[in-house]
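Structure first, commentary second.
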Amino acid sequence: MFDIQEIRSQFSILDREVNGKPLVYLDNAATSQKPNSVLEVCHAYYTELNANVHRGIHTLSQLATEEMELSRRKIQKFINAEHDFEVIFTKGTTEGLNLIAYILTQKLQKDDEIIISYLEHHSNIVPWQMLCERTGARLRVIPIDENGVLQLDYLDQYLSEKTKVVSVNQVSNALGIVNPIEEIIAKTRKNSDAYIVIDGAQSAPHFDIDVQKMDCDFFVFSGHKMYAPMGTGILYGKREILEALPPFHGGGEMIATCSFEGTTYAGLPFKYEAGTPNVGGNIALGAAVDFMNRVGRENIQNHENALLEYAQRQLLEIEGLKVYGEKAKRTGVVSFNLEGVGIASDVGMILDKMGIAVRTGHHCTQPIMNFFNIAGTVRASFAVYNTFEEIDRLVEGVKKAQRMLG
């Protein structure tokens, strides 16, 4: 049974006040709050297990290794990867995307093409631009319509034997739009041999992920957006692809043998995990998966979709308020502006005075903002612990901002 008050009781930070008002935290697309069960795992690691992993025969090292590898297996199941060694620990989505773009360098040459979309976060734009600079490849961009929906007819036009990479997000961080990943992958498989990369930073917190059913080559996401600590993330890659591609970083842990004459690399997953990992954070990422499984991912999705529907309906009753992507299929995010109000950050500052945390600005998606000819938006984004009463407070806050700024 879904009990919102019981869920909220697991997040101690929700009891605090901001500017003398009870906190309403609606910036979950930037980072989620962490349940006590995750924080307790972090604390337990540093007070009971603190040791480096994979390298020691002593008890603490062995126990820490067991816990981190258990977390890897939890994440394997969470995304339905075929093998646990296809799950690579990273610092987050950005590192995962940069890793992929770097190791694919040898696979591209001048005039090859990389396809992304207008809906991408900068972290799924800039690494591919850098890859184009290294190789002479070209970037092609799937456009959007006035509702923020991808125009997939252009994908049909772009796909060819020159296409080497197709990299798109599953959910837009700026607008919350859910992209038709299955259709994009099917079109790509039919018309090219391109590597398919899916940015799951905004989808992994909200609904079931099945990388085998999806049939992507790579899938990346961050822990801190799904109730885990910052500095944690996952890169999933198909076994045969990861085995064939070169490492990203060189150093300890990722070698099989090392001499001054040459080095051989370790097998998966260690080939891509050079250096000391964020052991406590990686273990806590497994605890975050446990939390989501206890609540139930279907329950999370249903609750968040109900919040989004309610928030949009209430906000659109405010005269002069525009929701971007209003008619598109969305999850977790409502992104809006008030007519006649100069900049979104003014609204955000007034809301903050009322204890309401939202994000304002371009959300690391300047091409989207340029498309709509705006500098930025006010973005309210939801998590499992948010309530309808909090949305009512948001709506009242926006009305107050409109009165003060209009």
Side-chain angles (χ1 to χ4, degrees), residues 29 93 97 100-101 113-129 132 137-160 162-192 194-207 209-211 213-221 301 305 308 312 322-336 362-374 376-377 379 381:
T93 305
L97 289 167
I100 297 165
E113 295 181 347
I114 299 167
I115 298 175
I116 60 173
S117 88
Y118 236 95
L119 289 178
E120 303 312 315
H121 187 281
H122 294 165
S123 62
N124 202 26
I125 300 174
V126 180
W128 304 115
Q129 291 175 328
C132 288
R138 298 173 54 214
L139 199 64
R140 309 204 73 174
V141 184
I142 305 168
I144 54 177
D145 66 12
E146 67 277 4
N147 294 309
V149 176
L150 292 182
Q151 300 301 283
L152 293 188
D153 288 349
Y154 285 87
L155 176 62
D156 293 327
Q157 296 174 33
Y158 293 165
L159 286 167
S160 73
K162 291 184 177 181
T163 308
K164 302 304 179 186
V165 179
V166 174
S167 185
V168 294
N169 61 38
Q170 192 167 12
V171 175
S172 162
N173 72 296
L175 306 179
I177 291 173
V178 180
N179 288 321
I181 293 300
E182 295 80 6
E183 183 180 357
I184 291 170
I185 293 174
K187 288 175 178 289
T188 302
R189 293 285 184 231
K190 181 179 179 181
N191 296 293
S192 79
Y195 294 100
I196 298 174
V197 183
I198 304 299
D199 172 355
Q202 300 293 337
S203 58
H206 299 297
F207 44 77
I209 303 298
D210 187 334
V211 294
K213 181 179 179 181
M214 195 183 295
D215 190 31
C216 57
D217 297 309
F218 301 99
F219 186 89
V220 293
F221 60 98
Q301 184 175 0
N305 285 345
L308 173 60
Q312 177 160 301
K322 176 179 176 59
V323 171
Y324 297 91
E326 174 190 346
K327 294 179 170 57
K329 180 182 179 181
R330 306 200 326 277
T331 189
V333 167
V334 59
S335 197
F336 62 92
H362 57 65
H363 317 299
C364 295
T365 58
Q366 287 183 318
I368 296 176
M369 303 301 130
N370 293 339
F371 176 85
F372 288 110
N373 195 30
I374 54 178
T377 69
R379 183 186 71 187
S381 50

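Just so you know, residue 1 is the first one in the sequence shown, and it goes up from there.
The closest side-chain donor-acceptor pair between Ser335 and Thr377 falls under 3.5 angstrom. Using a 3.5 Å distance cut-off with no hydrogens or angles, the side chains of Thr365 and His363 do not pair a donor with an acceptor.
Using a 4.5 Å heavy-atom threshold, the side chains of Trp128 and Ser167 count as touching. Between Tyr195 and Cys216 there is no side-chain heavy-atom pair separated by less than 4.5 Å. Side-chain contact between Leu308 and Val333 is absent, with no heavy-atom pair separated by less than 4.5 Å. Side-chain atoms of His122 and His362, non-hydrogen and from C-beta on, do get closer than 4.5 Å to each other. When side chains are defined from C-beta on, Leu152 counts as touching Ile184, because their heavy atoms get closer than 4.5 Å. For the pair Asp199 and Phe218, the minimum side-chain heavy-atom distance is 4.5 Å or more. Side-chain contact between Val149 and Ile144 is absent, with no heavy-atom pair separated by less than 4.5 Å.
Atom OH of Tyr154 sits about 12.0 Å away from atom CG of Asp156, to the nearest 0.5 Å. The structure places CD1 of Ile115 at 4.5 Å from CG of Leu159, a figure rounded to the nearest 0.5 Å. Distance check, rounded to the nearest 0.5 Å: OG1 of Thr188 to CD1 of Ile196 gives 4.5 Å. Rounded to the nearest 0.5 angstrom, Gln157 CD and Asn191 CG are separated by 12.0 Å. For the atom pair Ile116 CD1 and Asn124 CG, the distance stands at 6.5 Å (nearest 0.5 Å).
Remark: Gln312 pairs with Leu316, Val323, Glu326, Arg330 by the side chain to side chain contact (heavy atoms under 4.5 Å, CB included) rule, at least two apart or across chains. Evaluation of the salt bridge (Lys or Arg N to Asp or Glu O under 4.0 Å) rule for Arg379 yields Asp27 as partners, not counting sequence neighbours. Every residue meeting the side chain to side chain contact (heavy atoms under 4.5 Å, CB included) condition with Thr331, not counting sequence neighbours, appears here in chain and number order: Val171, Val178, His206, Phe207, Asn305. When the salt bridge (Lys or Arg N to Asp or Glu O under 4.0 Å) test is applied to Asp215, the partners found at least two apart in sequence or on another chain are Arg189, Lys238.
Applying the salt bridge (charged side-chain N to carboxylate O under 4.0 Å, His left out) test to pairs two or more places apart or on separate chains, those with a residue in residues 113-122 are Glu113-Arg138, Glu113-Arg140. Within the structure, the side chain to side chain donor-acceptor pair (under 3.5 Å) test picks out the following pairs touching residues 175-184 (sequence neighbours left out): Asn169-Asn179.
When every heavy atom of Ser123 is checked against every heavy atom of Leu97, the shortest pair comes out as O-CD1, 3.2 Å. Heavy-atom minimum distance, Leu119 versus Gly148: CD1-O, 3.4 Å. Looking at every heavy atom in both residues, Met214 comes nearest to Ile209 through CE-CG2, 4.3 Å. The two residues Tyr158 and Thr163 have their closest heavy-atom pair at O-OG1, 3.5 Å. Closest approach of Phe219 and Ser203 over heavy atoms only: CZ-OG, 3.9 Å. The two residues Ser192 and Ser160 come nearest to each other via the heavy atoms CB-O, 3.6 Å.
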side-chain contact (heavy atoms from CB on, under 4.5 Å) for Val220 and Ile100? Distances and angles first, verdict last. CA-CA 10 Å; Val220 293; Ile100 297 165; 3.8 Å; yes

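Taking the six-membered ring where the residue is Trp, the centroids of Tyr324 and Phe336 are separated by 6.0 Å or more.
Side-chain atoms of Asp217 never come within 3.5 Å of backbone atoms of Val197 as a donor-acceptor pair (strictly under, hydrogens ignored). Distance alone, capped at 3.5 Å, places no donor-acceptor pair between the Gln170 side chain and the Gln202 backbone.
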